[in-house]
Amino acid sequence: MSLSTTSGFRLLPGRLSPDQQKALLDEVLAKAQEAPFVHQVTPGGKPMSVAMTSFGPLGWTTDAKGYRYEPSHPTTGRFWPAIPTILTDLWTELADPHVPPDACLINFYNADARMGLHQDKDEADFRFPVLSVSLGDTAVFRLGGARRNDPTASMKLASGDVCLLAGASRLFHHGVDRILPGSSRLIPGGGRINLTLRRAAPSS
Ligand code: MD3
Ligand code: FE
């Protein structure tokens with residue numbers, strides 16, 4: 001039995017066409033002018049190698065006080081831009097037809113950025129899936145299990161790939177081991193953008 005059958009994990013390779021990828025990238029880069037990418041600092045005091053921003057009512061932030069969702073950008077103080085419609089449409093189709101996402105975290109990886117193995121546990125209700133969209137250079141992604149010491153599998157996430165983390169997989173450990181520089185020509189100057197749609201607040 002496959003990983004997806006047992007865990008609720010689904011990978012949809014090339015779910016976005018090249019034209020859809022370009023349109024989404026243009027919208028993300030335009031909105032990132034209003035809500036710039038920031039190398040946030042972990043509670044332990046280390047700047048993250050991944051630069052982040054968010055769209056939607058809530059955005060994920062980290063600083064000396066900890067990890068949390070906030071209604072405004074950590075440096076500008078302005079509300080986050082709206083989530084692109086192509087993403088809310090994907091959420092309705094693949095994740096939840098009734099409850100919309102309220103947070104879209106955007107990660108920018110340059111050739112040297114990584115994300116260590118972690119769980120996403122800052123949301124109120126883990127019954128809602130996480131939906132991920134990759135743009136630009138391919139990532140070598142690592143997916144483990146519910147326990148930190150569970151075995152892991154390595155897979156590539158390429159531009160246009162969509163990944164759904166539902167059911168048990170919602171709490172699986174995961175991370176990005178490395179980026180493959182030059183693997184895509186989508187983003188001028190190279191790099192990778194990953195967008196994750198989430199339900200951060202309780203649904204009622
Ligand atoms: C598996 N992002 O933003 S996306 C994150 O590629 C994050 O930037 C990675 O981990 C990235 O928190 C991975 C795919 C993904 C997202 C959420 C998950 C995989 C997941 C939640 C549970 C299990
Ligand atoms: Fe994560």
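The structure displayed is predicted, hence computed values, not measured ones. Whatever order the structure lists them in is the order used to number ligands and atoms, beginning at 1. Residues take their numbers from the sequence shown, with the count starting at 1.
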Considering only NZ, NE, NH1 and NH2 on the basic side and carboxylate oxygens on the acidic side, decide whether D120 and R198 come within less than 4.0 Å.
-> yes
Between F9 and F141, what is the ring plane arrangement, given parallel below 30°, perpendicular above 60°, and tilted in between?
-> parallel
Centres of the H174 and H118 rings: under 6.0 Å?
-> yes
With hydrophobic residues grouped by side-chain heavy-atom distances under 4.5 Å, do L135 and L180 end up in a single group?
-> no
salt_bridge(E123, R199) N-O dist < 4.0 Å | no
Any donor-acceptor N or O pair under 3.5 Å, side chains T61, E70 = no
Measuring from the Fe ion (ligand 2), name the closest N, O or S atom belonging to D120.
-> OD1
Which protein N or O atoms sit under 3.5 Å from any N or O of ligand 1? Give atom names and distances.
{"residue": "ligand 1", "atom": "3 (O)", "partner": "N107", "partner atom": "ND2", "Å": "3.0"}
{"residue": "ligand 1", "atom": "3 (O)", "partner": "R198", "partner atom": "NH2", "Å": "3.2"}
{"residue": "ligand 1", "atom": "6 (O)", "partner": "R192", "partner atom": "NH1", "Å": "2.9"}
{"residue": "ligand 1", "atom": "6 (O)", "partner": "R192", "partner atom": "NH2", "Å": "3.0"}
{"residue": "ligand 1", "atom": "8 (O)", "partner": "N107", "partner atom": "ND2", "Å": "3.0"}
{"residue": "ligand 1", "atom": "8 (O)", "partner": "Y109", "partner atom": "OH", "Å": "2.5"}
{"residue": "ligand 1", "atom": "8 (O)", "partner": "N194", "partner atom": "OD1", "Å": "3.4"}
{"residue": "ligand 1", "atom": "10 (O)", "partner": "H118", "partner atom": "NE2", "Å": "3.2"}
{"residue": "ligand 1", "atom": "10 (O)", "partner": "H174", "partner atom": "NE2", "Å": "2.9"}
{"residue": "ligand 1", "atom": "12 (O)", "partner": "H118", "partner atom": "NE2", "Å": "3.3"}
{"residue": "ligand 1", "atom": "12 (O)", "partner": "D120", "partner atom": "OD1", "Å": "3.3"}
{"residue": "ligand 1", "atom": "12 (O)", "partner": "D120", "partner atom": "OD2", "Å": "3.2"}
{"residue": "ligand 1", "atom": "12 (O)", "partner": "R198", "partner atom": "NH2", "Å": "3.0"}

